[in-house]
Amino acid sequence: MITFEGLEKEYRTKDKTFKALNGINLTIEKGEIFGVIGFSGAGKSTLIRCVNFLEKPTGGRVLVDGQDLLTLTPANIRKVKRNIGMVFQHFNLLQSKTVFANIAMPLVLEGAPKKQIKQRVEELLKFVGLSDKAGAYPEQLSGGQKQRVGIARALATQPSILLCDEATSALDPQTTGSILKLLKKINAEYKITILMITHEMSVIRDVCDKVAVIEGGEIIESGTVFDIFSNPQTKTAQNFVHSVLNDSIPESVRNLVQEHNPNGKLFKINFVGASSGQPLLSKIAKKFDVDINVLFGNITELQGVPFGHLIVELRGQENEIKRAYLHIQQENVSIREVIADAS
Amino acid sequence: MRVSNEEIIEAFWETISMVSISLLFAVIIGLPLGILLVVTRKGHLFENRFIFSILSTVVNIFRSIPFIILMVAIVPLTRLLVGSSIGTAAAVVPLVFYSGPYIARLIENSLLEVDSGVIEAAEAMGATPFQIIFRFLIPEALSSLILEITIATIGLIGASAMAGAVGGGGLGDLAITYGYQRFDTQVMVITVVILILMVQGMQTFGNILAKKIRRN
Ligand SMILES: Nc1ncnc2c1ncn2[C@@H]1O[C@H](COP(=O)(O)OP(=O)(O)OP(=O)(O)O)[C@@H](O)[C@H]1O
Ligand SMILES: [Mg+2]
């Protein structure tokens, strides 16, 4: 478990100080995959680096399994660090060492016996699917393979926490997918808590249980991935959701509607899980005296549950539209009226 | 030619021993100095402005004195250390003082080239500062260190010839006393050719070693 309590980080340069983190409060529960998303310079790296003390907090606290690193001796801090694996955007592998030696490094540092190192490294190589690359050097590997080595190295000491700072940002979409799958597998098989930093909402969508949005050194929104996707509160969160779930009505469609029916009412209906399979719209059309015009739709999957929305136009008597609207609400489906430029 | 083959061979070995002994001591001094110049920098493992400034200034002072002047300037020290100010052993002292600080700078440069991400990874793994230096920094810089030391060795070969001119023996001595003062062009040509071959050989050896060691 990781707890941030009013965490602050100030960078002092010659003539001014810059507050990169400004009172972060956040709890990452044991065993969850927690994503932090934000634009460049928001303070993501600073935040994650405070967890394993690559940066010293200048205010507030970070508790790792209840321990405040600020109160520990350097030797004990190093011990805690061995319980926290870290994966980097640019892999940070030793170019002069083989894949085997890179993965073995954390074990060599703690003076593990050779036999045990060999056994553990081979196990890890198998786990990340690189058994045939043990003797290769990093420069002979693809980006995805390098990151697998980075991940294996981070897991060498059997940590309970894994920190990923933009672990997929240097990779192409397909490789990103395979690395994310690997991270999920790690989380599931070893019950490792994963804190990951990214600027890509698709990464959050694909692997995270919870997400926090960081901006200007502050957490401006946090919750389950589901909540943030279905109901983003801040402009920034909305933009991130938009980046993977385009729900604005195309201009051409909007123009068409306005030309033909300036009084038409537009609604956005969110489908979640089972409700997305229901023939809701045809039921409405039969039950009420309204015409339904589907303008735009989008469906995706969040943590294995279908999730999506439709933008529909309801035509008919004001009264009937209202009744249809209330009925949809009763079915526990989120619906709200949108203006033509809609989001 | 008024010089026997034996004399040339002897001079050659004098140069070799002068260079290798000086190199040994220069590396013994330069390596820790170079490491210190890196790790006492701002934001590094043992950040210490005081030590860094002092070391850096001392290195700069030695680096700015031309060898021929350094040689004369430290004669008292040379006398103290080897009991004489002429001869091959006496030439080693100024050569070490000339080359040590130079090697420190070269080593500093190679170590600074190591990707800071690697050091970050080491810190994240909970490596001790000494582990960071000896298990990360130096192995990652090793091949460039070898190339830098090759350059320093070539500089030493040149400087040793100069030391020879003031009684240090070796190929430089031979070239000056016979080739220059007694106008024996043949001796001059032979010593120059030997020096060229030594430098070429050294550079080739350094290149091969660095290439081999890039992966260790
Ligand atoms: N060592 C430092 N000294 C001074 N300012 C720093 C330092 N490190 C980071 N900053 C500043 O702190 C802010 C947050 O930096 P940080 O690296 O955490 O951003 P980020 O969200 O990770 O961005 P990116 O997506 O580009 O990696 C930035 O404005 C940056 O300029
Ligand atoms: Mg960053």
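Quantities reported herein were computed from a predicted structural model and do not represent experimental measurements.
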B:I86, CD1: over 12 other non-hydrogen atoms inside 6.0 angstrom: no

For A:N92 and B:G117 the tightest heavy-atom approach is ND2-O, 3.0 Å

Which heavy-atom pair separates B:A124 from A:F88 by the least distance, and what is that distance? CB-CZ, 4.1 Å

Grab the two heavy atoms, one from A:S96 and one from B:P139, that are nearest each other, plus how far apart they are. OG-O, 3.5 Å

Counting heavy-atom pairs under 4.5 angstrom with chain A, the leader among B:S143, B:A127, B:A141 is B:A127

Inspect the surroundings of NZ in A:K185 and state if more than 12 heavy atoms from other residues, nucleotides or ligands are less than 6.0 Å away. yes

Could you tell me which non-hydrogen atom of B:M125 sits nearest to which non-hydrogen atom of A:R153, and how far apart they are? CE-CD, 3.4 Å

Could you tell me whether A:E10 atom CD has more than 12 heavy atoms of other residues or ligands within 6.0 Å of it? yes

Calculate, to the nearest 0.5 Å, the distance between atoms CZ and NZ belonging to B:R135 and A:K97 respectively. 8.0 Å

Is chain B contacted by the side chain of A:L94, its backbone, both, or neither, given a heavy-atom distance below 4.5 Å? both

To the closest 0.5 Å, what do you measure between CD (B:E120) and NE2 (A:H90)? 10.5 Å

Verify, without hydrogens or angle tests, whether A:Q95 (side chain) and B:E140 (backbone) share a donor-acceptor contact under 3.5 angstrom. no

Part of B:T128 lying under 4.5 Å from any heavy atom of chain A: both

Do other residues, nucleotides or ligands put more than 12 heavy atoms under 6.0 Å from B:E7 CD? yes

Does B:F25, at its CZ atom, have more than 12 non-hydrogen atoms belonging to other residues, nucleotides or ligands within less than 6.0 Å? no

Is B:E123 close to A:F53 at the side-chain level, that is, under 4.5 Å between some pair of heavy atoms? no

Does the side chain of B:F136 come within less than 4.5 Å of A:L109's, by heavy atoms? yes

Contact winner vs chain B - A:M86, A:Q89, A:R49, heavy-atom pairs under 4.5 Å: A:R49

Pick one of side chain, backbone, both or neither for A:L93, based on which atoms fall under 4.5 Å of a heavy atom in chain B. backbone

Does B:F205 have more than 12 heavy atoms from other residues, nucleotides or ligands lying within 6.0 Å of its CZ? no

At a heavy-atom separation under 4.5 Å, does A:I84 approach chain B through its side chain, its backbone, both, or neither? backbone

